[in-house]
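Below is one structure, written out as structure tokens; the observations come after it.
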Amino acid sequence: MTLVVAAEVARRDFVFKVDLTFDPGITCVLGPSGAGKSTLLGVVSGLVAPTRGRVALGDEVWVDTATRRTLPIEARHCAYLFQHLALFPHLDGLGNVSYPLPRAMPRAERRERAHALLTKLGVGHLARRRPGSYSGGEAQRVALARALAMTPRVILLDEPFSALDRERKRPLIALVRELVTELAVPTIAVTHSLGETRALASRVVRMAQGKVLEDGATEVILADAGHDDDLAPR
Amino acid sequence: MDWGPLYLSLEAALMATVLAGLAGIAIGALLANPRTPGRHFFDAIVAAPMVMPPTVLGYYVLVAVGRKSALGGLYRDVVGSDLTFTFHGVVLAAAIGALPMVAKAARTAFEGVDRKLLAAARTLGAGRVRAFFTIAVPLAAPGLVGGLMLGFARGLGDFGVTLMVAGDIPGETQSAPLAIYDHVQAGREHSALLMSLVLTLSAVAILFAVNVLTARHTRSDER
């Protein structure tokens, strides 16, 4: 299904105005701080209400300011991997990952599924431990497991690998690519890193001051961008 | 020595803590939400009993729920007894004293909860109510418990509002602070001292427990 975002948001410093469509697969959104990247994720997830415009996934309208329709955040099933991960500190790994699973599902089944997801992401040993004791990479994997537990219809990744060093970044990028391919849903990844963008996405949107500057294939958009070496072997 | 007033105070303070807890936590949550209109004004209204003379506060309560008032009449029709100059009045007086303590502590506790966690809960499929009870309340719990304990201590020691609203009827509305006053007036120094010591120890024990709770919470935040 295709995600359509045609929205306007009045921010303090600029007016965010985009008209974008996202097909299944990963699109990286690049731009300096204050470009409107996080606003884009907010508009899709429902955490930011557009002043004007429309957001729809396939035939389902999520927001339409003309008809005053707004689908509640919790009904969108947007897996949002926050930059600061936002793991619930009072819940252990199982508690965090089972949180988005339907409450109608028996508790034992929820925990079993959560455990399977943690194991799939290589952090099964964190099932009974709380986030305060995780390393950066472990926390990232648990947050990813939690985001994917709900069977998402759209995936939003906000600087998903910023807290990781080069060694930990590479396998996680490969894992995200694999999971997105498996789920086949529109995925928007916000990043500053050209290396991450090349490794993750086939499409790039470059933004500044709330507007889209460029939108196209990664190799075309980044052809003259040079190389940052955050993922290059050393 | 008659320990009845102390039991009456404990019973009234417990019931008042439940009432002030329910109202104070809800008020604290509303005041902590930046989207609540006029929240600083309402905060001042809620906190006013902390700085107002107890007799003034007691007078307002007496006017609002006294026998001749509409609210007092409604209470009598529903419950079958008056609110003022009864044990219920002692509970109300203690609850009024406890409410600002609980509401203030709840506001601070809820403001300390990272709003990004609540946003994350919403994106993970939780409605506002579920996000509040599964994320905000557990994370604010140490502050809420601290506020309830302070509210209980405040309710236990109330004098002025209780005297105005419930009077000083031995065996019916005479709380421990009022009994101490009567003991002193009657020259029963020993009884006054004993009851004062019990109230002092209770207050110190409660404040110590609040400090321990706060320190534990701070340590777990730093980890």
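Per chain, numbering begins at 1; letters A, B, ... match sequence-line order.
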For B/Arg128, does the CZ atom have more than 12 heavy-atom neighbours from other residues, nucleotides or ligands under 6.0 Å away? no
State the OH-CZ distance between A/Tyr99 and B/Arg130, to the nearest 0.5 angstrom. 4.5 Å
All heavy atoms of B/Leu124 vs all of A/Met150, minimum pair found to be CA-CE, 3.5 Å
Is the number of heavy atoms from other residues, nucleotides or ligands under 6.0 Å of B/Met15 CE greater than 12? no
Closest approach of A/Glu74 to B/Ala126 (non-hydrogen atoms, all atoms of both residues): CB-O, 3.5 Å
Between the CZ atom in A/Arg103 and the OG1 atom in B/Thr134, the distance rounded to the nearest 0.5 Å is 8.0 Å
Roughly how far apart are B/Ile135 CD1 and A/Phe88 CZ, rounded to 0.5 Å? 4.0 Å
Is atom CZ of A/Arg113 surrounded by more than 12 heavy atoms (other residues, nucleotides or ligands) closer than 6.0 Å? no
Look at atom CZ of B/Phe42 and say whether more than 12 heavy atoms of other residues, nucleotides or ligands are closer to it than 6.0 Å. no
Greatest number of heavy atom pairs closer than 4.5 Å to chain B - which of A/Leu101, A/Leu156, A/Ile73: A/Ile73
What part of B/Ala121 lies closer than 4.5 angstrom to a heavy atom of chain A: side chain, backbone, both or neither? both
Please indicate whether A/Phe14 has more than 12 foreign heavy atoms, meaning atoms of other residues, nucleotides or ligands, lying under 6.0 Å from its CZ. yes
With rounding to the nearest 0.5 Å, note down the distance linking CG in A/Leu87 to NZ in B/Lys116. 13.0 Å
Are more than 12 heavy atoms, taken from residues, nucleotides or ligands other than A/Arg52, located less than 6.0 Å from that residue's CZ atom? no
Does B/Tyr60 OH have over 12 foreign heavy atoms under 6.0 Å away? no
Closest non-hydrogen atom pair between A/Leu47 and B/Ala119, with its separation: CD2-CB, 3.7 Å
Which pair of heavy atoms, one from A/Ser45 and one from B/Thr123, lies closest together, and at what distance? CB-CG2, 4.4 Å
